[in-house]
Each structure stands twice: as structure tokens, then as C-alpha cells.
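Everything below concerns the one structure shown next.
Keep in mind that what you see is a predicted model, and the values were worked out from it rather than measured. Chain A is the first sequence line, chain B the second, and so forth, proteins listed ahead of strands; every chain is numbered from 1.
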2 protein chains.
Amino acid sequence: MSRDDLSKEIIIQAAIELLDAEGLEGLSMRRLGDRLDAAATAMYWYVTSKSHLLILASNEVWGEVVLPDLDRVDWRTAAADMAGGLHRMVSQHPWLVTAFASQPVYGENKARHDDRILAVYEKAGFVGAEVDDAATTVFMFVLGHALGGSTSDSLNRQLSRGSGNSQSRVQQSLEEAKEVALRFPRLRERLEGATETGYGSAPGRSFEFGLRAVLDGLEHRIRTRPLPPSNHAVPVALNTLQACTPCP
Amino acid sequence: MSRDDLSKEIIIQAAIELLDAEGLEGLSMRRLGDRLDAAATAMYWYVTSKSHLLILASNEVWGEVVLPDLDRVDWRTAAADMAGGLHRMVSQHPWLVTAFASQPVYGENKARHDDRILAVYEKAGFVGAEVDDAATTVFMFVLGHALGGSTSDSLNRQLSRGSGNSQSRVQQSLEEAKEVALRFPRLRERLEGATETGYGSAPGRSFEFGLRAVLDGLEHRIRTRPLPPSNHAVPVALNTLQACTPCP
DNA sequence: ACCTGAACACCGTTCAAGT
DNA sequence: ACCTGAACACCGTTCAAGT
């Protein structure tokens, strides 16, 4: 009859379940409390704030990404594996991109992941700031790609468990968007074309295409120009610490 | 003494100013009302919801991106121009990425932009679904790149006009993140290295590097493999309409 | 040490009532 | 036609009080 004892881990777990099921706006301290049979304010004993909880949850799912062993594979397969792993992870937890966009995220698992990414592009032959540039490029591509997924995800959520009123409002938005698109030839072409070959039917294919192009571009860059040494740059997305330096 | 008359345009403009100054969480109907010397609820006469207002504001800033004339430039400069223009726009309006991540965005200006993007990669020589793939790849790279910028942006905002209490909490988070990073060799290296060569000092360079690599990859793909015809795919980020098809 | 309940300062949105 | 004010159902967070 009684609930599980509260703990940091249980709270994080419940938060992730809530986020996976309902997205970023589905997470509130009160609903978290309901789910754990506790007062919303009980969470504050274990977690300093909602923002902190979001950092902990983000770092937790970051741990799901398996990291390649650089001694056993060449840089390109390692890069593809990491990008693929990250892509799979954010596909399972679309809220992560939203969270990442609205506040800094850090933690042990993310740091380990970032460190390994840099190692991959060191091994590829980049030096100096271009290590960070190459890593950032791929990382950004993956996250950007997930952006589209997370919006269509939240849209579907609003459509499925919408409160009737908001449901019809979303429908109306879709109509409006469609109407606008029909006024532009290429968008119209795609709206009228067979949808079964669209993104929804093969979401992986589009990702693979882009990833290959990005890696091709990086590989081309290594081969055509043995790079001169230079200083390191801190990529802002891999390490948001940098954000504090330009402060007053 | 009296305020400007209310109108859709004025409301959108004020919303953008609020968003530019304080980010997504700085926008509330009540604060918008304050800024326009009106009741928060007065907005609902011109705008159906906050979400709708965000769509209008997003579409408005999308209009700031200048589109290249495809009859006057080759595809690669057109692609670079569009990517650069989009990048500049989201740098000036970092909240757009957050908005884009949390809800669908559409409108005339965005549709025109999307249509032109597709035209660019048609001109490049892609056919069928790969037109959409190529367009999506570059688009995603730009948006992903902006993701990092928008988080460091909101971080700086919290640091500068923080309520003392939250300010020290952000400081503490930064310390914590730093401490974690120091446990990983490559991150440590970068933290201890000279910061004046970091991302903050040359944010453009990192973008240019990545963009060149992405375009190199796409160019390589066109040249090495004359592509077979196939059906169109609707990229989910260019056109979120697709999200409604897999619904029950 | 751990948790609750009331309270505070916010939200988006609806709707009757005013002009 | 346009706007206000009160009200409702939510938020995150603090803090005294309980066990």
C-alpha cells in the first residue's frame, strides 16, 4: 500500500518517465509528486530546483549512448557510431533537445561523451581548434536533426491527448499551414505527392544521408589539407562553461 | 499620454522585442500587456493564443532572411548565402530555436524560405527525395549550431539580471560543471588553455568551418554519383504538416 | 533526517461586463 | 468593435511546522 521511499534516483527516474510520456511541458513538480505519492515540495529535499532535476535527467539519458572503443575501430566508423547512438537516444527522449535549447546541460555522462567525441576527431587527424570544429559540426547536425523530430512529437502528443478544444485548434493550425504551403510550388508538389515515401515512412534514411555527407565533407578536408597547428577552441555546445567569460 | 492603439502588428512587434530582450521565458501575456499599457487579456482579441503569437513572431523574423536569386548565382553560393542568412537571423533572435523546438512554426515567410531552399538543391542537381535530404541537412546544421548559442544566451541572461538568489545558483552550477569537466583530459585541456582563442572570441569561424564541410560533402555526393530518380520526401523540419499523417 | 501544508508570486485562458 | 476585471486552474518555490 505504501509508496516507494523517495530518493534522488527514484525522482530522476520518475521525471524521465514523465518526460518521455508527455514531453517537457508534461513535467511539473506537482505531477511528479502525484506520481510518487508525495507532496510536490518533498522533491526539494533531494533536488535543488526543477532546472537542476532537468540537468540530472538529461545527464542520465546521456549515459544510454554507448561509446566506441577507439583502439578497435577507425575514426569514421567511430564517428558514425557516436552520431548514430546520440541520434537514437534523442529519438527516444525528444524532450532532451528542448531542454538543451532552454538551459545548460551538464554532468558526468555528458562530459564523458564530449571527451570521446573530441578523441574521435583527434584520431581523424584534426589538430588545434579544428578538432573542436569538426566535433561540433557533427554534434550540431545530430541535434539539429532531432529538433524536427521533437516538434512533430509534441504536435502528435497535442493531437492525441488533447482537450477537445485545443485539439481542434491544432487541427486548424494544420489547415492553415497547409493552405500557406500550397501557395509555393515545391511545397505544394510535396503535399500533393504520395506521402508514403515521405520522411515519416523512412525517418532513418534522411539522417543517414545527411550524416554521410557531413562525414564526407570532414574526410575531404583532412585529405586535401594537412592542417597547421593552432590553439584550441571551446565549442559552446559541448561545453557551456565558456558562456561565463564574456560576463561583466 | 495615451498608448498606441492595439493591433496585431504592434502586438507581434512588442512580443519580438520582449523575446529578443529576455528570451522565451521572458514572454508572458501579462508582461506583454504591461508593455503595451493594456490588460493581458486584451491580446486575445487579436491573437488566438500565446502559441499562435509565437508562430506569428517566428514567421515575422523569418522574413528578415534575404533570399538569393538563383538566376544570378551558382547553387553553392546560394546555399552558403541562405545558410549564412538563417544563421545571422537566429543569432539575433535566439529564442527562435527554443520556440522551434517546442512547437510547430509556420507562415508565409517561412514557406517562401523553405521553397527557395528546395530550389537551391534542385539546381545543385539532386533529384527526388535527395533534394529534401540535402536541404534538410544544411538546415539542420544551421539550427543545431544555433542551439548552442541559444543556451549560452539564456545563461548569460540569468547571470546578468538574476535575482541574487538564482544568480548564485547559476554560479554554483557553473562550478559544478567545471569540476566535472576537469576529470576528463580533453575537456580539462580546453578549460586550462587560453580562453581568448575559444568559441566566444570567434563564433563565426566555427560556423564557417562546419558549413564548408557540409557543403563539401554534398558537392562530393553530386559529382561521384549521378542520382537515380525517386519520389519526394517531405522533410519534417521544413514542413511539420507531415506530423499529422501517422495519427490514429 | 525527511516530509507536509499553507502561502506567495507568478502563469494562460475564459467570459461576463463595460464602453 | 474593442477592452477590462474577476475568476479558474495551473505553475515553481519558500518555509514553518510536523514526525
Base-paired stretches in DNA chain C with three or more consecutive Watson-Crick or G-U pairs, both distances under 3.5 Å, amount to C:4-8 with D:12-16, C:12-16 with D:4-8

Do the non-hydrogen side-chain atoms of B:R186 and A:R116 ever get within less than 4.5 Å of each other? no

A:L36 atom CG is separated from C:dC2 atom C1', nearest whole Å, by 15 Å

Less than 4.0 angstrom from a charged side-chain N to a carboxylate O is my criterion; do A:D115 and B:R188 meet it? no

Picking from D:dA1, D:dT13, C:dC3, the nucleotide nearest the side-chain atoms of B:W45 would be D:dA1

Whole-Å distance, B:L6 CG to D:dT4 C1', equals 12 Å

Quiz item: Does any donor-acceptor pair link the side chain of A:T41 with the base of C:dG5 at a separation under 3.5 Å?
Solution: yes

Under 4.0 Å from OP1 or OP2 of C:dC2: is there any side-chain N or O of A:Y44 that close?
no

* To do: Flag the pair A:R205 and B:D133 as a salt bridge only when some basic side-chain nitrogen lies within less than 4.0 angstrom of an acidic carboxylate oxygen.
  => yes

| Do B:F139 and A:F141 have their ring centres less than 6.0 Å from each other? | no

Tabulate atom names and distances for all N/O pairs under 3.5 angstrom spanning the protein and nucleotides 9-11 of chain C.
unit_1	atom_1	unit_2	atom_2	d
C:dC11	OP1	B:S28	OG	3.4
C:dC11	N4	B:R30	NH2	3.2

Rounded to whole Å, the CD-P distance (B:E25 to D:dT13) equals 12 Å

_Are A:V61 and A:M89 packed together at the side-chain level, in the sense that at least one heavy-atom pair is separated by less than 4.5 angstrom?_
yes

Q) Are more than 12 heavy atoms from other residues, nucleotides or ligands located less than 6.0 Å from atom CZ of A:R88? A) no

Inset, instruction - Answer yes when B:K110 and B:D114 have at least one side-chain N-carboxylate O distance shorter than 4.0 Å, and no when they do not. - result: yes

(Q) One pair to check against side chain to side chain contact (heavy atoms under 4.5 Å, CB included): A:H93 and A:E64. What are the steps and the verdict? (A) CA-CA 11 Å; A:H93 309 290; A:E64 295 174 7; 2.9 Å; yes

